[in-house]
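Since we're looking at a predicted model, the values are computed, not measured. What's counted below: heavy atoms across the whole structure, side chains too, no hydrogens, waters or symmetry copies.
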Amino acid sequence: MGAREDQERVIVKLLRLLGAAAFAGVLVGLLALPGVGSVGMAARDASDSFQSMPDDFSLKPPPERTTVYSADGQVIAQFYFHNRESVSLGQVAPIMQKAIVAIEDARFFQHGPLDAKGSFRALVTNAQDGGIKQGGSTLTQQYVKNLLVENAKTDKDAEAAKAPNFGRKLRELRYAVNVEKRLTKDQILEGYLNIAYFGSGAYGVQAASQYYFSKNASELTLSEAALLAGVTNSPYAFDPELNPRGATDRRTIVLNRMADLKIITKQQADAAAAEPIKLHIKKPKTDCADSKAPFFCEYVKDEILGNSAFGKTSADRERLLYRGGLTIRTTLDMKDQKAAQRALDLRPSRSKTATEAMVKPGTGEIKAMVVSKDYGDHKGKGQTTLNLAADYAHGGNGGYSAGSTFKIFTLAAALNKGYSVGTTLPAPNSTTVSGFTDCKGNHFEPWTLSNAETSKRKSANLDTGTWGSINTFYAYLEQRVGLCEASKMATAFGMKQANGQALQQVPSQVLGTNNIDVTHLAAAYAGFAARGQYCTPVAINDVTDADGKKIKVPQAKCGKSVDSSVADEVTRILQGVLTSGTGRGRGIGRPAAGKTGTCEAHSCALFAGYTPDLSAAVWYGDPAAPFGNPSPGIYGANVGAIWQASMRSALQDTKPSSFHTPVDDFGNLDQARVPNVRGLSVTDATRQIQNAGFSVQVSPRAIDSSQRKGTVAYTSPSSGVKADKDTSVVIFVSNGNGPASKPRRRRRGGIWPFN
């Protein structure tokens, strides 16, 4: 008997006597070869050391793919650190299970944490060569190694888990002993099959089967199973996509090994080896580039990565998204998404960009989000990764002008303060308006402006001024209502700058000079469709982790921004835009309301509108120069064609709904509501009451009131009450001496909370 065989006999005997713990002694003893006696001494000493090593080892599953679904159950994106989809052992073809055991660890079901003979031979070679040159690891040890690598929190930890030294092998075995105590052999095999790397970015047998053969692991044939089993030994050398010849040779080795072990016959092995490799590559959807809705995908991605609800730090949130195996169910409706995408083909000029967002009234749910450019990094091919439908926090740019779509908020503020539809104000082609003050009391210089189109009108009311989108009329209306009140109304409907900052309170804000995004604009208009109930836009409905546990998702914040009857009157006026105004001809065959918007110098255009069931906003222009690239002839009415086509298609299977008729008749030109002027100076109050069409009287005697001395305590008739235009409104001035009983309020046509 030779020296090596003699050493093997002694070592195996030691292993049987000392069990798995003796493996540590073997490692040390091998360094002293060929002295067999020293091996025995080292084995006994190192055995004690091995037993004292910590074996606390987490069996946390490897990172899983996060899958994003539309509201109707379609996969729209996947995020992953590694492409993996774990399956149970019962979902793996038995022949695949046998193939991997045959080539990697034939005695897997017979031995414990290590295979004594195989480990000894490998260790002798490794010790003589001075490092890890030969395998010998059991499937359990390989499973442990892969778990350590996959769950490493840093690159340093990952490298340590793969380091070619005896310390790593010793730690690996100690953990393997622990694993064999905690799991059955089938559980270990299942874990290994789900964590092993099979090349081409596929981790786990299910991902590999899907990638190479476009089928599930349960459907693998003998030839396919042998091919995959052979890859794990050296995923880069035996990758069948990159090295088909090497993969074929390796497959033959696996088949012959299976025949030697009597798993298959020699004839079966030869027949399978003769089959040509037939790959049916199915590349997984990764991140947003391959998504059916790439810009909505980007919105969801940024919501996860940017919202502290999904993790305290950015690293925590990134780990959750790419390693958490989440199931994310979103608000996206693919029918609406396709409708909007098709409609963008109608944009007036291919050299410009269009973007649209759709929001469901009363919920804030984003149902569609599209950009006319392809998603990608190749600017030369007209691609972009900027989500032009969204704000900066969700992948957008700095936003763009809202144009005249912003007039809706000044309109709502006027109605909310009691102005009647018949309120008449100047509407010249150009004018200079003064008297603007923001919420901090800052005064502005007189503002000079003109209309987008030549107007023959000298004056207009809320109907005609809105239908014609007359800039000068709205400048006067904003002055009467108050810049502060108009800005507050826009904010109440969720409007803010696309960079996340509050709206700039400047006189020109009524013409949409604040930079916004169409997602928030669509959500604001949805608030009017929902009769004043505004909801913040949301993209995610539900999130569960890899264990099926629910993760708390931020919900839409909904609240009443304006009284229902005011919202209903806004809707009635905007319906007229589609029948008698700048949006004439853009109806969709069902009750709808909308507003056109044209940016300064025709540099961009917008259209926003809604039905009771869906709201949408469209922007069109040059995102690189939204204010400096005029496009003569481009108006919001032109862009209305996109809105019209998308809404018709999105709602074609939805039964038409009707808007609510305003409870009280704002449109009665012979009547008006008494404005709410409590707390104002007598001068300002007088001006507002006169603007509403009433005459004014001031009571000569001041009364007890908690209002500041010299300001208006209340009026008679009370604020909000509807009265004939020939009514004289009496102002009662406060002496500042404390509360007094308030006169009973007259009500006509319902209760109006305009105090």
Side-chain angles (χ1 to χ4, degrees), residues 57-65 67 80 82-115 137-151 172 175-199 201-233 235 251 254-255 257-258 261-264 268 272 282 284 323 325 327 545-548:
F57 178 67
S58 172
L59 291 174
K60 180 181 178 181
E64 293 279 351
R65 291 186 298 198
T67 304
Y80 53 80
H82 284 158
N83 175 27
R84 173 182 288 109
E85 180 183 352
S86 294
V87 292
S88 68
L89 194 60
Q91 293 174 288
V92 180
I95 195 65
M96 179 68 216
Q97 299 177 37
K98 294 174 182 178
I100 201 75
V101 171
I103 196 62
E104 292 294 330
D105 187 359
R107 298 182 62 252
F108 172 66
F109 288 99
Q110 284 76 51
H111 61 65
L114 76 159
D115 183 0
S137 295
T138 64
L139 271 179
T140 305
Q141 288 171 263
Q142 293 181 54
Y143 176 46
V144 166
K145 173 187 173 183
N146 285 332
L147 275 175
L148 289 171
V149 172
E150 291 285 357
N151 291 320
E172 213 173 79
Y175 288 147
V177 172
N178 177 287
V179 169
E180 290 263 357
K181 290 178 181 178
R182 295 163 63 185
L183 300 179
T184 66
K185 288 288 188 179
D186 279 351
Q187 288 173 320
I188 294 170
L189 177 58
E190 177 183 300
Y192 176 79
L193 284 168
N194 280 322
I195 202 172
Y197 182 50
F198 288 86
Y203 287 78
V205 66
Q206 174 69 1
S209 183
Q210 285 283 353
Y211 183 86
Y212 291 118
F213 307 117
S214 297
K215 62 170 62 175
N216 292 320
S218 61
E219 303 171 296
L220 290 169
T221 65
L222 170 60
S223 175
E224 293 165 344
L227 183 73
L228 292 185
V231 174
T232 59
N233 177 264
R251 180 184 64 175
V254 174
L255 290 168
R257 178 61 172 158
M258 294 175 74
L261 294 171
K262 309 300 182 185
I263 296 172
I264 57 175
Q268 288 175 312
K282 180 182 178 181
R323 296 171 176 261
T327 296
D545 64 16
D547 298 323

Short side-chain to backbone donor-acceptor contact, [X] and [Y], under 3.5 Å:
X      : Y      : answer
Asp545 : Asp547 : yes
Arg251 : Ser223 : no
Glu190 : Leu89  : yes

Working to the nearest 0.5 Å, report the span between [atom1] of [X] and [atom2] of [Y].
X      : Y      : atom1 : atom2 : answer
Glu64  : Thr327 : CD    : OG1   : 9.5 Å
Leu193 : Gln91  : CG    : CD    : 12.0 Å
Phe108 : Gln97  : CZ    : CD    : 10.5 Å
Met96  : Leu227 : CE    : CG    : 9.0 Å
Tyr192 : Leu147 : OH    : CG    : 12.0 Å
Thr138 : His111 : OG1   : NE2   : 5.5 Å

Do you know the tightest heavy-atom contact between [X] and [Y]?
X      : Y      : value
Tyr211 : Ala202 : CB-CB, 4.4 Å
Ser137 : Gln142 : O-NE2, 3.5 Å
Asn194 : Val87  : ND2-O, 2.8 Å
Ala207 : Asn83  : CB-O, 3.4 Å
Thr232 : Glu104 : OG1-OE2, 3.1 Å
Val254 : Ala229 : CG1-CB, 4.2 Å

Practice prompt. Just jot down the salt bridge (charged side-chain N to carboxylate O under 4.0 Å, His left out) partners of Glu85, sequence neighbours excluded, or say none.
Written response: Arg65
Any side-chain heavy atom of [X] within less than 4.5 Å of one from [Y]?
X      : Y      : value
Leu222 : Met258 : yes
Gln268 : Leu255 : no
Leu189 : Phe109 : yes
Lys185 : Leu139 : no
Asp105 : Gln141 : no
Asn233 : Ile103 : no

Fill in: Pairing residues for Phe198 by the ring-ring contact (aromatic ring centres under 6.0 Å, His included) criterion, not counting sequence neighbours
none
Response to the item:
Contacts of Lys215 meeting side chain to side chain contact (heavy atoms under 4.5 Å, CB included) (sequence neighbours excluded), chain-then-number -> Ser209, Phe213, Glu219, Leu220, Thr221, Glu224
